[in-house]
Amino acid sequence: MFVVGFAGDRYVVVDCGGGTVDLTVHQIRLPEGHLKELYKASGGPYGSLGVDYEFEKLLCKIFGDDFIDQFKVKRPAAWVDLMIAFESRKRAAAPDRTNPLNITLPFSFIDYYKKFRGHSVEHALRKSNVDFVKWSSQGMLRMNPDAMNALFKPTVDQIIEHLSTLFQKPEVSGVKFLFLVGGFAESPLLQQAVQKAFGDKCRVIIPHDVGLTILKGAVLFGLDPAVIKVRRSPMTYGVGVLNRYVEGKHPAEKLLVKDGTRWCTDVFDKFILVDQSVALGETVKRSYTPAKPSQLLIIINIYSSEKEDVSFISDPGVRKCGTLRLDLTGVEGSPSMSRREIQTIMQFGDTEVKATAIDVTTSKSVKVSIDFLN
């Protein structure tokens with residue numbers, strides 16, 4: 001399949017894996033063919049494991065929650081075998097399928113159920129009121145195609161709903177292509193649902209070897225990381241600092257009096273905000289002064305938050321993601337000690353945040369890197 005993209009074209013990548021479905025939106029920038037990230041990676045727990053969960057719920061309905069819970073504990077290997085058997089049948093599910101799908105039950109499942117309940121698996125199926133699952137004399141559960149499709153429906157509906165929400169955002173307006181990739185994207189049921197819901201809004205593209213597409217993309221990105229020139233920051237990043245306490249502006253519980261000076265503690269000094277566009281290699285610089293001229297070590301903690309409006313490092317959701325420790329020894333007695341400048345620089349745009357602290361007086365520096373995509 002060959003797709004031609006022009007300058008300004010926007011596309012959505014829908015990466016459907018086992019545990020999650022992740023969405024990103026890019027815009028093509030020519031003549032270099034570089035990409036601009038318009039919408040930071042987002043997603044939710046809508047992967048193919050949701051279908052497995054629905055199958056487990058079906059088994060609980062037929063055989064009882066208590067039995068399934070016990071079987072998983074007492075016969076873990078057999079439970080894995082059962083889920084492997086379901087996985088192969090799950091891959092065979094399709095919108096136009098008419099033949100039943102047979103799922104082999106491990107012998108230990110049949111045997112353990114008889115000991116647990118005192119009657120057979122076949123008896124349980126007859127009494128369960130689940131009409132679309134029958135018992136096969138070959139030791140298999142026989143599901144009609146509609147029953148299998150019903151197991152997919154909750155997860156597929158969540159994916160469509162999540163995509164519909166995405167398409168309402170202004171940065172996604174004018175999207176020309178939707179690329180459906182990842183292992184779960186191999187499902188004809190998911191392909192049909194996405195095509196039906198969004199085929200009139202953009203061109204839905206399902207590449208060959210759809211399950212390997214993300215891996216191939218990762219390899220190509222590794223060969224040329226500069227292909228994405230502009231990203232969206234996934235978090236708000238900054239450092240924790242002391243500021244002069246201002247009555248009426250700062251909360252009383254943050255007041256710290258040291259050597260006669262009133263400080264406000266735990267201030268989150270923001271370098272970049274969540275969802276802010278950052279160019280490859282873009283830097284933000286701040287200058288700080290040690291709280292005391294006699295300090296021999298300065299520790300700068302780097303923090304992140306999913307929120308934009310954070311004021312203090314103690315706010316809910318703020319977490320420490322890195323530390324810079326800068327040695328300040330070596331210039332005792334210098335007149336510059338009282339106005340010593342510490343520059344803190346954060347570089348964004350790559351797959352990690354690179355933070356550097358520099359003692360301007362001595363040129364000593366320390367560095368730390370934080371995973372930009374985590």
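For reference, positions follow the sequence shown, starting with 1.
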Open item on the list: If you count every heavy atom of other residues, nucleotides or ligands that lies below 6.0 Å from E87 atom CD, does the total exceed 12?
Closed with: yes
Open item on the list: Within a 6.0 Å radius of atom CZ on R325, are there more than 12 heavy atoms belonging to other residues, nucleotides or ligands?
Closed with: no
Could [X] and [Y] be called an ion pair, given the rule that one side-chain N must be under 4.0 Å from one carboxylate O?
X	Y	value
D52	K90	yes
K153	D146	no
K364	D359	no

Roughly how far apart are [X] [atom1] and [Y] [atom2], rounded to 0.5 Å?
X	Y	atom1	atom2	value
K258	L242	NZ	CG	8.5 Å
D15	T24	CG	OG1	8.0 Å
L23	Y46	CG	OH	8.5 Å
L59	M83	CG	CE	7.5 Å
I159	S187	CD1	OG	8.5 Å
I103	S136	CD1	OG	11.5 Å

Task: Stepwise side chain to side chain contact (heavy atoms under 4.5 Å, CB included) test for I358 and I345 - done: CA-CA 8 Å; I358 304 170; I345 303 166; 3.9 Å; yes
Task: Ring centers of F268, F312 separated by less than 6.0 Å - done: no
Task: Check: F55 ring centre within less than 6.0 Å of F86 ring centre - done: yes
With the side chain counted from C-beta on, respond yes when [X] and [Y] share a heavy-atom pair under 4.5 Å apart, and no when they do not.
X	Y	answer
V241	D266	no
I299	T323	yes
V121	F63	yes
L166	V12	yes
L125	I62	yes

Indicate yes or no for a side-chain donor-acceptor contact from [X] to the backbone of [Y] under 3.5 Å, with no hydrogens or angles considered.
X	Y	result
H123	H119	no
Q191	A185	yes
T289	E341	no
R97	N99	yes
D111	F107	no
T165	E161	yes
K201	V175	no

TODO: Begin from the C-alpha positions of V181 and V13 and carry the test side chain to side chain contact (heavy atoms under 4.5 Å, CB included) through to its verdict.
DONE: CA-CA 7 Å; V181 298; V13 177; 3.9 Å; yes
Which pair of heavy atoms, one from [X] and one from [Y], lies closest together, and at what distance?
X	Y	answer
C16	L190	SG-CD2, 3.8 Å
V274	P234	CG2-O, 3.4 Å
A93	N149	CB-OD1, 4.5 Å
A78	F71	CB-CZ, 3.6 Å

TODO: Indicate the ring-plane relationship of F109 and Y113, choosing parallel, tilted or perpendicular according to the 30° and 60° boundaries.
DONE: parallel
- [ ] May I ask you to decide if the ring planes of F198 and F167 are parallel, tilted or perpendicular, using 30° and 60° as cut-offs?
- [x] parallel
Task: Counterpart residues, side-chain hydrogen bond (donor to acceptor under 3.5 Å, both in side chains), relative to E56 (two or more places apart) - done: K72
TODO: Could you tell me which residues satisfy side-chain hydrogen bond (donor to acceptor under 3.5 Å, both in side chains) with Q70, sequence neighbours excluded, listed by chain and number?
DONE: none
Indicate whether the side chain of [X] and that of [Y] have a donor and an acceptor atom separated by less than 3.5 Å.
X	Y	value
Q276	S233	no
T20	D22	yes
K320	S304	no

Task: Criterion side-chain hydrogen bond (donor to acceptor under 3.5 Å, both in side chains) on T236 and E308, from CA distance to verdict - done: CA-CA 6 Å; T236 293; E308 180 179 327; over 6 Å; no
TODO: Using the side chain to side chain contact (heavy atoms under 4.5 Å, CB included) rule, take V25 and Y11 through it: C-alpha gap first, then chi angles, then the decisive distance, then the call.
DONE: CA-CA 6 Å; V25 183; Y11 64 87; over 6 Å; no
Task: Among I272, I302, T283, side-chain contact (heavy atoms from CB on, under 4.5 Å) partner for M346 - done: I302
Open item on the list: Under 4.5 Å between side-chain heavy atoms, counting indirect links through other Ile/Leu/Val/Met/Phe/Trp/Tyr residues: same cluster for I313 and L255 or not?
Closed with: no
TODO: Is it possible for you to say whether I160 and V204 belong to one hydrophobic cluster, with membership spreading through side-chain heavy-atom contacts below 4.5 Å?
DONE: yes
Task: Check against side chain to side chain contact (heavy atoms under 4.5 Å, CB included), L326 and L297 - done: CA-CA 6 Å; L326 186 58; L297 176 71; 5.7 Å; no
Task: F271 six-ring face occupied by R286 cation (under 6.0 Å, within 45°) - done: yes
Task: Distance under 6.0 Å and angle within 45° of ring axis: R244 vs W263 - done: yes
